[in-house]
Amino acid sequence: MSDTVVATARERIDSIAKFLERSHGTVRIIETHISWVLLTDDKAFKFRKPVSLPFVDFSSLAARRHDCDEELRLNRRLASALYLGLTEMTRGPNGLELDGPGEVLDVAVCMKRFPDEVLWSDLIRSNTLTTDHVTKLASSVSQFHDNAPAAAPGSEFGDFAAIDKVTRDLVRNIEALDLYCAPQGVGAIWPAVRDWLLNSLQTQQALFRKRQEQGRVREGHGDLHLRNVVLFQDVPTPFDALEFDPALRWIDVISDVAFMMMDLMAHRRFDLAFRFINTYFEDSGDYQGLAVLRFYLVSRALVRFQVMMLAGRQGVADPDAVGAADYLRLAASVIDDTNPRLAIMYGLPGTGKTTVSSRFIEATGAIRVRSDVERKRLFGLKGSDSTARQGKPSVYVAATTERTYARLLEVARTAVHEGFPVVVDAAFLLRKQRAPFARFALDAGVAFSTLACEAPLDILRDRIVKRLRRGDDASEADVEVLEKLRFVAEPPGADEPGLTLPIDSTDPEQIEAAIRSWATAKPAGASQSLNRAER
């Protein structure tokens with residue numbers, strides 16, 4: 001599409017802005033590489049640019065109208081309160097106006113206006129994006145994925161051919177940007193990132209197919225980054241789902257959540273990134289997705305790199321402190337940043353194991369798996385479900401405990417194989433429960449630590465009572481359970497493998513000291529290399 005056509009369309013946008021000013025006052029225009037958004041005091045009107053780019057073609061009115069229809073359908077899944085309908089740009093006796101008589105020149109999606117400062121890209125700049133925000137978003141996205149339609153095995157969506165095409169198109173489009181003339185030396189970084197991505201694409205063919213067969217390819221959001229989430233009426237609300245290409249929307253659910261995780265990392269909020277992905281895994285149980293997480297983190301970083309390079313070429317101003325080069329550098333760091341290690345918790349109910357492990361995952365970029373959540377999952381329950389109300393008395397019998405620890409070890413193996421640190425949040429009160437994890441770490445050649453949480457008995461009782469009263473945790477252990485377990489617990493002994501780190505959970509300095517010790521701990525014995533073929 002020629003520059004002249006785009007310029008003519010922009011003149012119409014300016015005229016519509018003047019039309020809206022007569023009834024709404026000042027109108028602000030935001031420009032991206034593919035759209036113009038007109039903001040009034042209470043509404044937003046999103047027009048597509050009449051552009052033809054490698055990944056989208058909006059050169060005809062019919063194409064733009066279809067895209068608007070799809071945007072409404074898709075976004076009403078997650079943000080129905082924001083999306084009001086379609087609005088037509090018309091030219092009649094009164095000139096250019098919206099929804100007037102005469103010829104239809106263009107069409108826009110009409111949305112409710114929200115304050116700029118509640119967009120997540122603004123919240124993260126103002127340092128007001130919180131752990132609670134990302135936790136709620138992760139849980140809502142997990143539920144959204146559960147309810148979204150899945151691609152059938154053998155479908156064109158999410159099979160290897162589709163992933164191969166999307167990935168190679170991305171590589172081809174990036175290379176067309178003439179990176180060696182780009183600023184900040186990004187051209188020197190690109191070849192290694194490109195080669196890793198294409199190599200991973202080939203070595204993971206069978207895994208991609210398996211993910212589709214397991215129903216992990218769903219009609220997701222497709223563009224879930226910081227600029228596409230808003231804190232609307234105090235609820236994290238994703239909007240602007242990807243509508244223009246089904247192949248970019250019918251994707252592995254891990255590709256969907258990797259976008260948000262990656263963007264948080266790019267904005268140097270690794271704590272929020274790992275809280276987000278851990279909450280998603282705890283809610284979904286899809287820890288096998290760790291096997292494709294690194295691939296999708298790199299892919300998503302490259303998507304943002306491409307978008308921001310294109311915007312820069314168009315002269316579109318970008319207030320974000322994270323630039324195109326930052327996304328490419330992040331992709332390179334994700335490839336190199338593998339630091340597998342294993343920590344297990346130890347402690348009676350109320351000793352703060354989950355609180356301590358939360359701090360560990362945020363500080364070290366670790367994956368966590370919780371016994372209280374996985375135990376309930378064995379019975380089809382969510383972590384927040386009450387087993388008493390669900391009528392599941394067998395949840396806490398010895399046989400279930402054995403199955404639960406076997407599941408925890410399975411997840412730990414997956415995380416270590418994929419190069420991630422992992423924290424297993426369980427009581428581990430018995431030596432026989434700890435031994436298989438120590439053996440695995442020794443065989444894998446990774447550092448093994450036991451994080452032994454403790455606190456005065458009166459504090460344990462008080463914490464348990466308050467936790468049960470709040471009802472906001474997966475643990476259901478009461479004071480009676482505490483009294484029984486404290487007489488059977490077998491504290492870690494000096495003869496047990498690995499590094500034992502005693503942690504008084506009432507002392508933040510001890511928690512931080514333990515984090516530093518674990519981050520630098522060395523393997524206890526001879527290593528046995530792990531590779532993808534051993535899965």
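Model, not experiment: these values are computed from the prediction.
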For a salt bridge (Lys or Arg N to Asp or Glu O under 4.0 Å) with Asp271, tell me which candidate from Arg269, Arg268, Arg275 qualifies.
->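 The salt bridge (Lys or Arg N to Asp or Glu O under 4.0 Å) with Asp271 is passed solely by Arg269 among Arg269, Arg268, Arg275.
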
Which value, rounded to the nearest 0.5 Å, describes the distance between [X] atom [atom1] and [Y] atom [atom2]?
X      : Y      : atom1 : atom2 : value
Asp169 : Leu248 : CG    : CG    : 9.0 Å
Leu197 : Thr167 : CG    : OG1   : 5.5 Å
Phe295 : Arg300 : CZ    : CZ    : 10.5 Å
Phe157 : Asp252 : CZ    : CG    : 15.0 Å
Asp67  : Arg48  : CG    : CZ    : 4.5 Å
Leu129 : Leu226 : CG    : CG    : 7.0 Å

Just wondering, more than 12 heavy atoms not from Gln205 lying within 6.0 Å of its CD?
->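 For Gln205, atom CD is crowded (more than 12 foreign heavy atoms under 6.0 Å).
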
Does [Y] offer a backbone N or O that forms a donor-acceptor pair with the side chain of [X] under 3.5 Å?
X      : Y      : value
Asp425 : Val369 : no
Arg211 : Asp159 : no
Gln212 : Gly154 : yes
Asn278 : Ile367 : no
Lys376 : Ser371 : no
Arg218 : Ile251 : no
Arg294 : Val334 : yes
Asp326 : Gly323 : yes
Arg368 : Thr354 : yes
Ser140 : Leu137 : yes

Decide yes or no on side chain to side chain contact (heavy atoms under 4.5 Å, CB included) for Trp120 and Val230, but give the supporting numbers first.
-> CA-CA 6 Å; Trp120 275 31; Val230 63; 5.6 Å; no

Taking only residues two or more places apart in sequence, or in another chain, which ones meet Tyr280 in a ring-ring contact (aromatic ring centres under 6.0 Å, His included)?
->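 Tyr280 satisfies ring-ring contact (aromatic ring centres under 6.0 Å, His included) with His145 once adjacent residues are dropped.
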
Under the ring-ring contact (aromatic ring centres under 6.0 Å, His included) rule, collect the residues that match up with Phe144, sequence neighbours excluded.
->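 Testing Phe144 for ring-ring contact (aromatic ring centres under 6.0 Å, His included), a comparison that skips the adjacent residues, returns none.
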
Could you tell me whether [X] and [Y] make a salt bridge, using a distance below 4.0 angstrom between a side-chain N and a carboxylate O?
X      : Y      : answer
Asp132 : Lys136 : yes
Asp245 : Arg249 : no
Glu410 : Arg407 : yes
Glu213 : Lys210 : no

Tell me, with the steps shown, if Asp69 and His66 meet side chain to side chain donor-acceptor pair (under 3.5 Å).
-> CA-CA 5 Å; Asp69 287 334; His66 173 74; 5.5 Å; no

If you define the side chain from C-beta out and look only at heavy atoms, does anything of [X] sit under 4.5 Å from [Y]?
X      : Y      : value
Met111 : Asn75  : no
Thr404 : Leu378 : yes
Arg341 : Asn339 : yes
Trp518 : Val423 : yes
Val303 : His225 : no
Phe244 : Leu242 : yes
Gln202 : Phe160 : yes

Please find out if less than 6.0 Å separates the ring center of Phe420 from that of Phe274.
->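 No.
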
Answer yes if the ring centres of Tyr287 and Phe281 are under 6.0 angstrom apart, and no otherwise.
->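 Aromatic pair counts; centres sit under 6.0 Å.
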
Show the nearest heavy-atom pair for residues [X] and [Y], with the distance to one decimal.
X      : Y      : answer
Ala150 : Gly215 : CB-O, 3.9 Å
Thr364 : Pro421 : O-CG, 4.0 Å
Lys382 : Asp283 : NZ-O, 3.3 Å
Gly445 : Pro523 : O-CG, 3.3 Å
Asp256 : Gly220 : OD2-CA, 3.4 Å
Ile335 : Val193 : CD1-CA, 4.0 Å

Between Tyr405 and Phe437, how do the two ring planes meet: parallel, tilted or perpendicular, split at 30° and 60°?
->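 The rings of Tyr405 and Phe437 stand perpendicular, inter-plane angle above 60°.
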
Once the angle between the rings of Phe239 and Phe114 is folded into 0 to 90°, is it parallel (under 30°), tilted (30 to 60°) or perpendicular (over 60°)?
->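 Rings of Phe239 and Phe114: perpendicular, as their planes differ by over 60°.
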
Go through Ser357 and Arg370 one step at a time and tell me if the side chain to side chain donor-acceptor pair (under 3.5 Å) criterion holds.
-> CA-CA 10 Å; Ser357 65; Arg370 297 180 60 194; over 6 Å; no

Tyr327 and Asp263: side chain to side chain donor-acceptor pair (under 3.5 Å), yes or no, with the steps?
-> CA-CA 8 Å; Tyr327 284 107; Asp263 214 13; 2.6 Å; yes

Would you please test His417 and Thr414 for side chain to side chain donor-acceptor pair (under 3.5 Å) and show each step?
-> CA-CA 5 Å; His417 274 272; Thr414 299; over 6 Å; no

Validate the cation-pi geometry between Arg77 and Tyr83: distance from NZ or CZ to the six-membered ring centre under 6.0 Å, angle to the ring axis within 45°.
->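 No, cation not above the ring by the 6.0 Å, 45° rule.
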
Report the C-alpha separation of Ile254 and Arg216 in whole Å, then their side-chain angles, then the decisive distance to 0.1 Å, and conclude whether the side chain to side chain contact (heavy atoms under 4.5 Å, CB included) test is met.
-> CA-CA 8 Å; Ile254 299 301; Arg216 297 300 186 181; over 6 Å; no

Please report the C-alpha distance between Val229 and Thr237 in whole Å, then the side-chain angles of each, then the deciding distance to 0.1 Å, and finally whether the side chain to side chain contact (heavy atoms under 4.5 Å, CB included) criterion is met.
-> CA-CA 5 Å; Val229 181; Thr237 305; 5.8 Å; no

Salt bridge (charged side-chain N to carboxylate O under 4.0 Å, His left out) between Arg73 and Glu70: does it pass, once the steps are laid out?
-> CA-CA 5 Å; Arg73 177 183 72 84; Glu70 279 291 271; 3.0 Å; yes

Begin with the C-alpha distance, continue with both residues' side-chain angles, and end with the deciding distance and a verdict on side chain to side chain contact (heavy atoms under 4.5 Å, CB included) for Met260 and Ile277.
-> CA-CA 9 Å; Met260 176 55 65; Ile277 198 63; over 6 Å; no

Which residues satisfy the side chain to side chain donor-acceptor pair (under 3.5 Å) test with Asn173, sequence neighbours excluded?
->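 Side chain to side chain donor-acceptor pair (under 3.5 Å) list for Asn173, sorted by chain: empty.
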
